[in-house]
Every structure is written in structure tokens, then in C-alpha cells.
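As the structure is a computational prediction, the values presented were derived from the model and not from experiment.
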Amino acid sequence: MYHSKISGLGFYVPSNVVTNDDLSKIIDTNDEWIQERTGIKERRHIIPGEDTTTSMGVKAAKIAIERAGIDKDDIDFIVFATLSPDYYFPGPGVLVQRDLGLKTIGALDVRNQCSGFVYALSVADQYIKTGMYKNILVIGSEVQSSGLDMTTRGRGVSVIFGDGAGAAILSREEDLSKGILSTHLHSEGIHAEELVLTAPGMGGRWVNDILADNDPDDESYFPHMNGQFVFKNAVVRFAEVINEGLEANNLKVSDIDMLIPHQANLRISQYIQNKFKLNDDQVYNNVQKYGNTTAASIPIALTEAWEKGKIKSGDTVVLAAFGSGFTWASAIIKW
């Protein structure tokens, strides 16, 4: 039996910065309205033709591989979390295997939206714990800008989301006091339609239906979010899953050196910080400059916090996420 440790981290965001003032030129909104509700000041959007979900994941992965001090041929498996794959199928995991020039290793795609990276981390952790694999590449990457309703009709959702990618190398750790101590995964599908993109989908409206209707008022292929309902559930589930992880490892809130919450909304993160009475040095947020990058948000924030020296050897790091599904998850890591 082994533990898995994060041996390398990397992230990539597009160069195209989209400020709230930029959005106000095409949507009936303003900087004050967006910041008051979300804390977001700007986000990154790809320039079409320059970046994709896969290509950003590859760029983040190359950094993580180098920092892990391994060769790409040392990677045994890929787990890729995204809600915005390049193709409907195949998923981006195999495209990463191709574009990195890896051996014919397995590649798994995870579709758990905002909780996706923690779910992916948990899957990779199990493979390493059992001794099946030694080094696993875990990626969270999203291109969301091209699928948003960039009109006033869609402003409640479209101002929130951004594009980007983060990656981690999970490696075998023989010291069982270090690495990922536990992960905790949950879902509640009764609320699936509260944060959803319904079309195209095989269970309802497929592309041919959308084309046949040719309805300019059709919103089925844009994301729908019941914002207040999501917020109320998020703050409850965040707290529950953080406490679950702490209790599983006989830890107290005071043991947390760094909490990396999914960067959904600064107001959610602040609520959780206040609830747990954590100081600003114990919580890392960057939603202000990247927006909500869904499955990419935690690895981007984790990498940035580590790069700034906010995470050190021996620290207890907590990752926590909540999102569409509903799904929520946490990971407790001894760095």
C-alpha cells in the first residue's frame, strides 16, 4: 500500500484578458454589478484557433512534468477532467496522449464539472495506492467562452466563466504520513437541472433538432444556472465535505495551512473562510482575475499558490469543490 503525492504542478491561461468593462460593451452590465455578485474583475478567453481544451491541458502538463523531474515516458496513465472537450468524442485524454507523444498508456476522461479535478485526483490516487501505477498525469482544462450566451440574456452566467488549464503529476509515495491522506466524493442528482446544459444531448434535443427548429430564442444549448439555489447548496456542501475530510484524518480546522476552494464565486469562498474562521493566509483565491474555470480552477489556484511559496513541505492542504450535478468533493493532502 502506498500514498500518492503531487510531485509537479503547472497551469496555463490564454493571453487574451477580458475585463468587466470589455463585457459591458456587448452586454448590459458593468464592473460594479459583476464584482458585487461574484468578486470577478477579469477572466481569460481563448482566441479561436490559438488554444483548445486539449492544447491548454498539454501546455500545463509540460510544466508539471518538468517540475516533477520525470520524463514523459515515466507517465503511466492520464486522467483528464473537463466539461468542454474538443470533440463530443473521443475525449481529450487520448488527444493529450497523442500530442505529448506518450506511450500507448490508458487515458480516462472525467465529466464532473466544477468537482472534476478533485474527482480526477481521487481516481488517480486509488491507482497509485494499489500499486498499479507510479506516475499519473491529472489535468483540468476548460474552454467555456465559445459556448456562452454573450448577450444581455445570458449575463447571469456568461460574466462568471473563463478559460484555462491546470495539471498535476501524482507520484508514488512510500511515506504514509505524506501525500494525499483521503478524498471524499458526493453527488445529488435530484438537482441536476439547476446547473445544466441540456442540448445537444442524446436524451432530448440533438443537433438535428436544433437545426430543424432554427429558433433564435432557443436557450437549450447555453448553460442554465439557478444562481441563488446553487449558492445556498454550495456553502452547505463545501462546509460538510471539508469537515468530513478533517474528521477522517483526526484533524482540526486549526490544522489547515492552506484551503484551495473551487473558484466559483468569491462570495462563496469568503463565506466558507468566515465560517471556518480562517485568515487570509490560509485561503487562496484567484477567481478575481481568472473567473470560474470549472475543472481547471483548483489546479490553477493550487499551482499559483505553490509558485508564490504559500504551500510548503509539511503543510496540510485542503482542496474542496462543489458544482453541477450536484457533485461535491474534498481532498486532504500532507505536502
Looking at E307, I want to see if its CD is surrounded by more than 12 non-hydrogen atoms of other residues, nucleotides or ligands under 6.0 Å. yes
I need the full list of ring-ring contact (aromatic ring centres under 6.0 Å, His included) pairs touching residues 252-302, with sequence neighbours left out, sorted by first then second residue. none
Does one side chain, of D149 or S158, offer a donor that lies under 3.5 Å from an acceptor on the other? no
Evaluate the criterion salt bridge (charged side-chain N to carboxylate O under 4.0 Å, His left out) for residue pair K289 and E304; output intermediate values, then yes/no. CA-CA 12 Å; K289 59 181 180 178; E304 202 169 64; 3.1 Å; yes
Test side-chain hydrogen bond (donor to acceptor under 3.5 Å, both in side chains) applied to K41 - qualifying residues, sequence neighbours left out: none
Which residues satisfy the side-chain hydrogen bond (donor to acceptor under 3.5 Å, both in side chains) test with Q273, sequence neighbours excluded? D280
Distance alone, cut at 3.5 Å: any donor-acceptor contact between the side chains of T19 and D22? yes
With the threshold set at 4.0 Å, does a side-chain nitrogen-carboxylate oxygen contact exist between R205 and D218? yes
Search all heavy atoms of L9 against all heavy atoms of W306 and return the closest pair with its distance. CD1-CB, 4.0 Å
Distance alone, cut at 3.5 Å: any donor-acceptor contact between the side chains of S24 and N30? no
Under a 4.5 Å side-chain heavy-atom rule over Ile, Leu, Val, Met, Phe, Trp and Tyr, are F117 and L108 clustered together? yes
For the student: nearest non-hydrogen atoms of A264 and I160, plus distance: O-CG2, 3.8 Å
Same cluster (ILVMFWY, side-chain, under 4.5 Å), V230 and F238: yes
Can you list every ring-ring contact (aromatic ring centres under 6.0 Å, His included) pair that touches residues 159-215, not counting sequence neighbours? Y88-W206, H186-W328, H191-F229, H191-F326
Can you name the nearest heavy-atom pair linking A167 to P299, along with the distance? N-CB, 4.0 Å
Should we count NZ of K129 as having more than 12 external heavy atoms under 6.0 Å? yes
What ring-ring contact (aromatic ring centres under 6.0 Å, His included) pairs are there with at least one residue in residues 2-55, not counting sequence neighbours? none
Note: with side-chain heavy atoms under 4.5 Å as the link, the other cluster members for L102 come out as V58, I65, I70, I75, I78, F80, V96, L100, I105, L137, I139, I169
Consider only side-chain N and O atoms of T38 and N265, and report whether a donor and an acceptor are under 3.5 Å apart. no
N243 and E240: side-chain donor and acceptor closer than 3.5 Å? no
To which residues is Y221 joined in a hydrophobic cluster, defined by side-chain heavy-atom contacts under 4.5 Å among Ile, Leu, Val, Met, Phe, Trp and Tyr, whether direct or through other members? I210, F222
Interatomic spacing from CZ in R155 to CG in L23 - rounded to 0.5 Å: 12.0 Å
I'd like to know if K25 and D21 make a salt bridge, using a cut-off of under 4.0 Å between side-chain N and carboxylate O. no
Quick one: CD on E142 to CG on N292, what's the gap to the nearest 0.5 Å? 9.0 Å
Excluding L197, membership of its hydrophobic cluster (Ile, Leu, Val, Met, Phe, Trp, Tyr; side-chain heavy atoms within less than 4.5 Å) reads none
Go through the side-chain N and O atoms of T82 and S84 and say whether any donor and acceptor fall under 3.5 Å apart. yes
For the residue pair N20 and E42, what are the closest heavy atoms and their distance? OD1-N, 4.3 Å
Look at atom CG of L211 and say whether more than 12 heavy atoms of other residues, nucleotides or ligands are closer to it than 6.0 Å. yes
Note: G57 and A165 closest approach over all heavy atoms is N-CB, 3.7 Å
Who else is in I63's hydrophobic cluster (ILVMFWY, side-chain heavy atoms under 4.5 Å, direct or via others)? none
Short side-chain donor-acceptor distance under 3.5 Å, R43 and N16: no
Can you pull out every ring-ring contact (aromatic ring centres under 6.0 Å, His included) where at least one residue sits in residues 132-156? Sequence neighbours excluded, please. F77-Y133, Y127-Y133
Inter-residue atom distance Q263.CD - I268.CD1, 0.5 Å rounding: 10.5 Å
Among residues two or more places apart or on two chains, list those pairs meeting salt bridge (Lys or Arg N to Asp or Glu O under 4.0 Å) that have a residue in residues 245-265. K252-D255
Salt-bridge contact E188-R237 (side-chain N to carboxylate O under 4.0 Å): yes
Distance-only polar pair, side chains of Q144 and T294, donor-acceptor under 3.5 Å: yes
Run D51 and K59 through salt bridge (charged side-chain N to carboxylate O under 4.0 Å, His left out) and show every step you take. CA-CA 10 Å; D51 285 310; K59 290 172 183 176; 2.8 Å; yes
Residues forming a side-chain hydrogen bond (donor to acceptor under 3.5 Å, both in side chains) with K334, sequence neighbours excluded: T316
Under 4.5 Å between side-chain heavy atoms, counting indirect links through other Ile/Leu/Val/Met/Phe/Trp/Tyr residues: same cluster for V79 and I333 or not? yes
